[in-house]
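Worksheet: the structure to be examined is printed underneath.
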There are 2 protein chains.
Amino acid sequence: MTQTYSLPQVQVALPPLERFEEYLQSRKMRSTRQRRVIVEEVFSNHDHFDADDLLDQLRQSKSDEKVSRSTVYRTLDDLVDAGLLRKMTLNGRTVFEHDYGYPQHDHLYCQKCEQLIEFHSNELEAIRAAVGREHNFRVTGHRFIITGICSECQVARRPVRPLDLI
Amino acid sequence: MTQTYSLPQVQVALPPLERFEEYLQSRKMRSTRQRRVIVEEVFSNHDHFDADDLLDQLRQSKSDEKVSRSTVYRTLDDLVDAGLLRKMTLNGRTVFEHDYGYPQHDHLYCQKCEQLIEFHSNELEAIRAAVGREHNFRVTGHRFIITGICSECQVARRPVRPLDLI
DNA sequence: ATTTATGCAAATCCTTTGCAAATCT
DNA sequence: AGATTTGCAAAGGATTTGCATAAAT
């Protein structure tokens with residue numbers, strides 16, 4: 001039942017860690033215990049997080065695998081360079097989210113619960129392109145965030161975050 | 001030739017300083033020399049700026065009108081509260097721009113010359129509303145920034161800014 | 001054996017704060 | 001006079017850096 005003839009090689013997405021090691025090799029950087037631990041932790045769930053969140057998570061998981069704060073910062077930047085993570089500023093906080101193997105999307109940001117909701121819009125891509133064309137601007141990316149109150153918070157009576165820093 | 005009968009009072013936009021003094025009064029805050037100097041300086045040109053830029057400008061203009069760094073920070077926040085300025089984070093920098101009496105717009109950001117180009121799109125408003133409706137999200141605002149290379153920089157050969165922080 | 005990465009503590013950058021003195025109303 | 005605001009210097013928070021030691025090739 002096993003097929004032994006070879007199929008045309010399909011571009012299958014590598015697991016994040018492997019993808020990262022590929023990147024490291026290409027830059028003559030080393031695959032260290034810390035880097036591996038960080039990548040595993042980062043891709044173990046799909047939340048948005050900042051350096052501190054990650055540090056906390058690392059401390060909670062297998063306690064023997066310590067990683068210093070500086071290494072977390074350094075590796076997070078490497079992961080962005082490698083295209084595994086996206087970095088953005090939200091309300092003054094630097095937050096990261098998965099980029100590698102993750103579909104393009106934008107965010108709704110609730111000013112009460114501070115939750116980020118993802119959405120995708122094809123029309124947005126169109127606008128982006130049109131605006132670029134109009135201004136003879138070579139578009140390489142964008143960031144779009146809609147602020148307001150999410151459905152759950154519309155009933156709850158919680159204070160709205162000042163929100164000047166989106 | 002002078003008409004002495006009174007016309008129905010039209011809502012004319014007040015100059016920024018007057019608008020600000022109105023705000024100050026409503027909050028029992030005082031119209032101080034520093035606050036006046038800052039507002040005048042801020043609205044003397046339409047560039048985007050950060051606290052440091054403003055401090056420099058203040059130092060260059062009439063040298064007798066000194067304003068301390070803390071006061072600049074404090075007043076900038078007041079101006080945001082008063083609705084005269086918008087605050088946003090760009091590439092890790094906190095930048096301000098005129099809001100009062102200024103039409104709603106979004107930005108193109110050139111990663112080479114770091115210039116901000118303003119544009120407006122009605123379609124964007126539509127998308128915003130549609131997305132909000134879909135997610136039962138009460139939209140109060142948004143931030144949209146398109147990144148890339150402006151027309152002038154497309155010919156020049158300058159390095160592209162890393163740009164992870166938009 | 002070499003070279004790169006880590007961890008620590010110190011340094012930096014930007015912004016905020018406490019408080020006495022100065023300035024408004 | 002009485003209250004608010006200012007300027008200063010010190011405190012904060014987040015991130016980066018220099019450097020000796022540890023770990024990877």
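Lettering follows sequence order; numbering is per chain, from 1.
In terms of the ring pair (Phe, Tyr, Trp, His ring centres under 6.0 Å) criterion, A/F137 has no residue partners (sequence neighbours excluded). Qualifying ring pair (Phe, Tyr, Trp, His ring centres under 6.0 Å) partners for B/Y73, counting only residues two or more places apart in sequence or in other chains: none. With sequence neighbours excluded, the residues that form a side chain to side chain contact (heavy atoms under 4.5 Å, CB included) with B/S68 are B/S70, B/T71. Judged as a ring pair (Phe, Tyr, Trp, His ring centres under 6.0 Å), and not counting sequence neighbours, A/F119 has no contacts. For B/E118, there are no salt bridge (charged side-chain N to carboxylate O under 4.0 Å, His left out) partners, not counting sequence neighbours. Applying the side chain to side chain contact (heavy atoms under 4.5 Å, CB included) test to A/F43 and every residue at least two apart in sequence or in another chain returns A/P16, A/V39, A/L84, A/L85, A/H98. Considering only residues two or more places apart in sequence or on other chains, B/H105 meets the ring pair (Phe, Tyr, Trp, His ring centres under 6.0 Å) condition with B/Y102, B/H107. With sequence neighbours excluded, the residues satisfying side chain to side chain contact (heavy atoms under 4.5 Å, CB included) with A/Q104 are A/D106, A/H120, A/E125, A/H142.
The rotation axes computed at either terminus of the helix from C/dA1-D/dT25 to C/dT25-D/dA1 lie 30° apart, taking five pairs at each end and rounding to 10 degrees.
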Listed pairs, N/O of protein and of nucleotides 2-5 of chain D, under 3.5 Å:
from	atom 1	to	atom 2	distance (Å)
D/dG2	N2	B/R30	NH2	3.4
D/dA3	N3	B/R30	NH1	2.8
D/dA3	N3	B/R30	NH2	3.3
D/dT4	O4'	B/R30	NH1	3.4
D/dT5	OP1	B/R30	N	3.0
D/dT5	OP1	B/R35	NH1	2.8
D/dT5	OP1	B/R35	NH2	3.3

Short heteroatom pairs, N/O only, protein and nucleotides 8-12 of chain C, under 3.5 Å:
from	atom 1	to	atom 2	distance (Å)
C/dC8	N4	A/S70	OG	3.3

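Pairs passing the salt bridge (Lys or Arg N to Asp or Glu O under 4.0 Å) check and including a residue from residues 40-56 of chain A, sequence neighbours excluded, read A/D50-A/R93, A/D52-A/R69, A/D53-A/R93.
The distance between atom NZ of A/K66 and atom P of C/dG7, rounded to the nearest whole Å, is 11 Å. If you measure from atom CZ of A/R93 to atom P of C/dT15, you get 18 Å, rounded to the nearest angstrom. As a whole-Å value, the separation of B/D77 CG from C/dT15 P is 10 Å. At whole-Å resolution of the value, CG in B/L55 and P in C/dC13 are 16 Å apart. One interatomic measurement links the two molecules: CG of B/L90 to C1' of C/dC14, which rounds to 16 Å at whole-angstrom precision. In this structure, A/D78 places its CG atom 15 Å from C1' of D/dT15, rounding to the nearest Å. Rounded to a whole Å, the CG atom of B/D50 is 16 Å from the C1' atom of C/dT16. Atom CZ of B/R59 is separated from atom P of D/dG7 by 11 Å (rounded to the nearest Å).
By the rule that hydrophobic residues join a cluster once side-chain heavy atoms approach within less than 4.5 Å of another member, B/M88 and A/F144 end up as members of separate clusters.
Salt-bridge formation is detected for the pair B/D77/B/K87: a Lys NZ or Arg NE/NH1/NH2 atom is positioned less than 4.0 Å from an Asp or Glu carboxylate oxygen.
With distances taken from any side-chain atom of A/Y73 to the nucleotides C/dC14, D/dA14, C/dT25, the minimum falls on D/dA14. Relative to the side chain of A/T94, the nucleotides D/dA14, D/dT15, C/dG7 differ in distance, and D/dT15 lies closest.
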